[in-house]
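In what follows, chains carry the letters A, B, and so on, assigned in the order in which the sequence lines appear, proteins first and then strands, with residues in each chain numbered from 1. Everything numeric here is computed off the predicted structure, so don't read it as measured data.
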There are 2 protein chains.
Amino acid sequence: MSEVATTGVSVLLVDDHPIVRQGYRRVLESQGDLHVVAEADNAADAYSAFKVHEPDVVVMDISMPGASGLEAIRNIRARNPRARILVFTMHNEAVLVKAAFNAGASGFVTKSSAPSAVVNAIRSVARGERAMSDDIAHVLAEDSLSAGSVLDQLGEREIEILRQFAGGATTEEIAAQLNLSVKTVQNYHYLIKTKTGARTDAQLVRLAAACGLTRI
Amino acid sequence: MSEVATTGVSVLLVDDHPIVRQGYRRVLESQGDLHVVAEADNAADAYSAFKVHEPDVVVMDISMPGASGLEAIRNIRARNPRARILVFTMHNEAVLVKAAFNAGASGFVTKSSAPSAVVNAIRSVARGERAMSDDIAHVLAEDSLSAGSVLDQLGEREIEILRQFAGGATTEEIAAQLNLSVKTVQNYHYLIKTKTGARTDAQLVRLAAACGLTRI
DNA sequence: TGGCAGCTCGGGCAAATTTCCCAAGCCGGA
DNA sequence: TCCGGCTTGGGAAATTTGCCCGAGCTGCCA
């Protein structure tokens, strides 16, 4: 991490599609100052590769098979809190973005972004700055009326209900299970959605899965 | 289409992510015999670009915003039945593969494939052959032996709506995206639930994820 | 050629759920 | 003690769901 300024930025590429990785690699290396030192196609390999190469920046698609990408972010950050991780994915849901930053990401860029925006984001996070693409900033701005972290702002009961809901349980089943009135569960359901910024039950499930609350 | 053998293969790239297109372009052009003559990021532009350039091969990701990629395949084939279209996407669900070939695709390669497999597939379809990656062949093989997955009982439209819904889109967004009335989307939503036996939106999302329709 | 089956698209309407506002009890911290 | 947050639910309007219907279209099969 020390010789960055003179030798450029070393990058670990994490994406589950080989062709996509190959394409990124070529785009990044054509920049001159960006060097892809390793690739990985899953969370576990990403962690291993990080330990070996200690790259300046990890460019990672968080939608990978197997373990959650967010989990990978947490693992890497746990090992080295100075690690810079740029999430680079097609998703642009506020809940996911917040979850990623919450897990320790330094940047979040969607694949809809112009190539120049992506390479600039890599340079930004390499300098220790936070970076995000315009569309992400817009999404977060829209969402900003309810600031805060994603799951950390949920209480015990809310998390339990979210887990059961994401697991496929109906409102009645949850109420019976927890010995609550259906009305209360409905209110929690609504409350969780507003708190997390999820606008859809499906987004809620995806959030729960991303946070490891449920497995799919 | 006639001078292919001597001048190489002209390719139209269709993918909604700029960076991804840029990467593909570099990978393909490094081959020497493959030339990207145009790019498009949606179905409508793909059709326009095809009319202008009449490329040997269209390399297309069918999961794009706006009109269905399958629709684009049909449009292009309707204009020129000799058009060669190679579907190149992250999805590997049997129903989608079958739908693509049914719409007139010449090949189906997943983004999990090795770059060499992709370029070879492009050359194959340029020669008029059918091509698919190993994993797709495997999926189709499994499918031909199985009693039929849950998704097999869903129509094209139903699958598209399920994908968008599981991806977190609201009913209104899906209706706007597909140019349908909200009521129709609601009906599809209900129909999909009854057909699949899902009793909850969350179960629907899990089902879609399990079938590879969406990644979490 | 006719007919049937299946997909697509939407209207209608009662029942159910969601949305949002509200109140009250409880508990821990300032 | 008081404030704030969690938990629990009521109420009422808005929306969605569940289920029924028909109509247009395409493909298939006799």
**Q.** Main-chain N/O of A/N120 paired with A/S124 side-chain donor or acceptor, under 3.5 Å
**A.** yes

**Q.** Integer-rounded Å distance: C/dT18 P and A/R199 CZ
**A.** 17 Å

Q | Modelled atom types, side-chain donor and acceptor of B/Y190 and B/K195, under 3.5 Å | A | no

Q: Could you point out which residue of B/N187, B/I159, B/L204, B/L207 forms a side chain to side chain contact (heavy atoms under 4.5 Å, CB included) with B/I192?
A: B/L204

Q | Nearest to side-chain heavy atoms of B/Q186, which nucleotide of C/dC9, D/dT17, D/dG9 | A | D/dT17

(Q) Students often get this wrong, so: under 4.0 angstrom with heavy atoms, is B/E172 touching a base, only sugar-phosphate, or nothing? (A) sugar-phosphate

**Q.** Nearest-angstrom distance from the residue atom CD of B/E160 to P of C/dC7
**A.** 17 Å

Q: Specify the separation, in whole Å, of atom CG of A/N187 and atom P of D/dT7.
A: 13 Å

Q.
Nearest to the B/Y190 side chain among D/dG18, C/dC20, C/dC9, which nucleotide is it?
A. D/dG18

Q. In whole angstroms, how far is the P atom of C/dG10 from the NZ atom of B/K183?
A. 12 Å

Q) Quick one: B/E158 CD to C/dT8 C1', roughly how many Å, whole number? A) 9 Å

**Q.** Presence of A/K193 side-chain N/O under 4.0 Å of C/dT18 phosphate oxygens OP1/OP2
**A.** no

Q: Could you state the atom-to-atom distance from CZ of B/R157 to P of C/dC7 in whole Å?
A: 14 Å

**Q.** Shortest side-chain distance from B/E156, nucleotide among D/dT8, C/dT8, D/dA12
**A.** C/dT8

Q. Just to confirm, is there a sub-4.0 Å distance from OP1 or OP2 of D/dT17 to any side-chain nitrogen or oxygen of B/H189?
A. yes

Q | Pairing of B/R157 and B/E160 as salt bridge, 4.0 angstrom limit | A | no

Q) Does any N or O in the side chain of A/Q164 come within less than 3.5 Å of the main-chain N or O of A/I174, such that one atom is a donor and the other an acceptor? A) no

Q. Can you check the A/F165 CZ to C/dT18 C1' distance for me, whole Å?
A. 12 Å

Q. Rounded to whole angstrom units, what separation is found between the CG atom of A/N179 and the P atom of D/dT7?
A. 16 Å

(Q) Strictly below 4.0 Å: does A/T184 bring a side-chain N or O up to OP1 or OP2 of D/dG9? (A) yes

Q: Look at all strands and tell whether A/S181 reaches a base, only sugar-phosphate, or nothing, counting heavy atoms closer than 4.0 Å.
A: sugar-phosphate

